[in-house]
Amino acid sequence: MIIYQVKPQHVDIIWSSVVPLLKKPLETGLGEVGLDNIKEWIKNKGQQLWLFLNEEEQKIVGVCTTQIIIYPNAKHLQIHLVGAANNTLKEWMEEWPSVAAEFCKKNDISHIEIMAHREGWERLLKDKGYKKYYTVLVKDMKDD
């Protein structure tokens, strides 16, 4: 497995290959951002795009977008979107923590945070040192 951070100037080259994987997590959201927003954020260095490449099959099996959040007393790396080909998430999740840790070290980031729409993330990441810190609940005011 190769994990590669896409340089902002290379986003246009790789974009059509990652769109199918990014569509899945966007569908679970509330429509607050779209593919065009994500692409522009990455190109403008507001987010980072990570590729998970299966060397044997020579194909992208996962993508992840992250964003550095600067708080008054700390910097966090927020995992924004994660999209994976069927049955590949556990495979590349084994190597992601060490890559993320190195990125955090280089960028003086103290924590990694993820707000997930699916409870499965808690089970998957528990043995990687992640613990549930908070839950985000949303009410659609159009329902009132």
Side-chain angles (χ1 to χ4, degrees), residues 1-140:
M1 183 67 55
I2 297 172
I3 300 175
Y4 173 74
Q5 182 186 355
V6 177
K7 294 179 179 171
Q9 63 268 29
H10 298 154
V11 171
D12 288 329
I13 297 167
I14 196 72
W15 192 249
S16 64
S17 298
V18 301
V19 164
L21 294 171
L22 287 175
K23 280 184 177 181
K24 291 178 185 181
L26 283 174
E27 289 169 359
T28 65
L30 301 172
E32 59 270 65
V33 297
L35 287 166
D36 291 338
N37 307 118
I38 300 297
K39 184 178 182 183
E40 285 306 309
W41 286 342
I42 296 165
K43 288 174 74 169
N44 293 321
K45 301 181 183 177
Q47 285 197 350
Q48 301 79 40
L49 175 64
W50 302 87
L51 302 181
F52 301 84
L53 307 161
N54 181 305
E55 290 177 272
E56 288 179 18
E57 297 178 21
Q58 295 187 356
K59 72 177 202 175
I60 299 169
V61 295
V63 295
C64 176
T65 63
T66 58
Q67 181 173 349
I68 298 172
I69 307 294
I70 301 174
Y71 295 107
N73 297 317
K75 286 192 332 190
H76 288 194
L77 183 66
Q78 183 182 77
I79 298 172
H80 184 217
L81 299 173
V82 176
N86 291 337
N87 303 312
T88 64
L89 190 58
K90 281 188 177 184
E91 172 188 339
W92 54 264
M93 193 54 72
E94 291 299 317
E95 296 182 44
W96 168 245
S98 61
V99 173
E102 184 62 30
F103 181 82
C104 289
K105 185 177 179 180
K106 286 181 182 176
N107 290 282
D108 195 31
I109 294 169
S110 62
H111 293 82
I112 296 176
E113 59 183 55
I114 181 170
M115 290 184 284
H117 298 288
R118 297 182 298 165
E119 293 298 322
W121 280 109
E122 186 177 357
R123 288 188 307 274
L124 182 66
L125 296 174
K126 188 175 183 176
D127 67 338
K128 306 282 185 241
Y130 287 81
K131 61 183 177 182
K132 189 172 189 174
Y133 183 68
Y134 57 82
T135 302
V136 177
L137 301 174
V138 178
K139 180 180 193 280
D140 188 339

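Position 1 is the first residue of the sequence, and the numbers go up from there. In this text, all values refer to a predicted model and were calculated from it rather than measured experimentally.
- Here the CD-CD1 distance, from E95 to I3, works out to 5.5 Å after rounding to the nearest 0.5 Å.
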Next item on the list: Report the C-alpha distance between I112 and T66 in whole Å, list the side-chain angles of each, state the deciding distance to 0.1 Å, and finish with yes or no for side chain to side chain contact (heavy atoms under 4.5 Å, CB included).
Entry: CA-CA 10 Å; I112 296 176; T66 58; over 6 Å; no
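- Ring planes of H76 and H111: tilted class, angle from 30 to 60°.
- Partners of E94 under the salt bridge (Lys or Arg N to Asp or Glu O under 4.0 Å) rule, at least two apart in sequence or in another chain, are K128.
- A distance-only check finds a donor-acceptor pair linking the side chain of T88 to the backbone of V61 [under 3.5 Å].
- Counting all heavy atoms, side chain and backbone alike, D12 lies closest to K39 at OD1-CE, 2.9 Å.
- Without hydrogens or angle criteria, K75 side chain to N107 main chain gives a donor-acceptor distance under 3.5 Å.
- Remark: E102 CD is packed, more than 12 non-hydrogen atoms of other residues, nucleotides or ligands lying under 6.0 Å away.
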Next item on the list: Kindly determine whether N54 and E91 satisfy side chain to side chain contact (heavy atoms under 4.5 Å, CB included), including the steps that lead there.
Entry: CA-CA 10 Å; N54 181 305; E91 172 188 339; 3.5 Å; yes
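- Nearest approach of E55 to M1, heavy atoms of both residues: OE1-N, 3.3 Å.
- With a 6.0 Å radius and a threshold of 12 heavy atoms from other residues, nucleotides or ligands, K24 has its NZ atom above the threshold.
- Nearest heavy atom pair, residue L49 against residue I42, reads CB-CD1, 3.7 Å.
- Minimum interatomic distance between W15 and L22 (heavy atoms only, all atoms of both residues): CH2-CD1, 3.7 Å.
- For K45 against P8, the heavy-atom pair with the smallest separation is CG-CG, 3.7 Å.
- With sequence neighbours excluded, no residue forms a ring-ring contact (aromatic ring centres under 6.0 Å, His included) with H10.
- The 12-atom threshold is not exceeded at CG of D36, counting heavy atoms of other residues, nucleotides or ligands nearer than 6.0 Å.
- Annotation for A85 and L21: closest pair N-CD2, 3.5 Å, computed over non-hydrogen atoms.
- Taken from CG in L77 to CD in E113, the straight-line distance is 8.5 Å, to the nearest 0.5 Å.
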Next item on the list: May I have the step-by-step check of side chain to side chain contact (heavy atoms under 4.5 Å, CB included) for F52 and V99, ending in yes or no?
Entry: CA-CA 11 Å; F52 301 84; V99 173; over 6 Å; no
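- D127 CG: more than 12 foreign heavy atoms inside a 6.0 Å radius.
- L26 CG to L81 CG: the interatomic distance, rounded to the nearest 0.5 Å, is 5.0 Å.
- In this structure, Q9 contributes its side chain and K7 its backbone to no donor-acceptor pair below 3.5 Å.
- In terms of the ring-ring contact (aromatic ring centres under 6.0 Å, His included) criterion, H80 has no residue partners (sequence neighbours excluded).
- Here W50 contributes atom CH2 and W96 contributes atom CH2; the two are 5.0 Å apart, rounded to the nearest 0.5 Å.
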Next item on the list: Evaluate the side chain to side chain contact (heavy atoms under 4.5 Å, CB included) criterion for residues L51 and V63: first the C-alpha distance (whole Å), next the side-chain angles of each, then the deciding distance (0.1 Å), finally the verdict.
Entry: CA-CA 5 Å; L51 302 181; V63 295; 3.8 Å; yes
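- Within the model, atoms CG of L53 and CD1 of I2 stand 5.5 Å from one another, a figure rounded to the nearest 0.5 Å.
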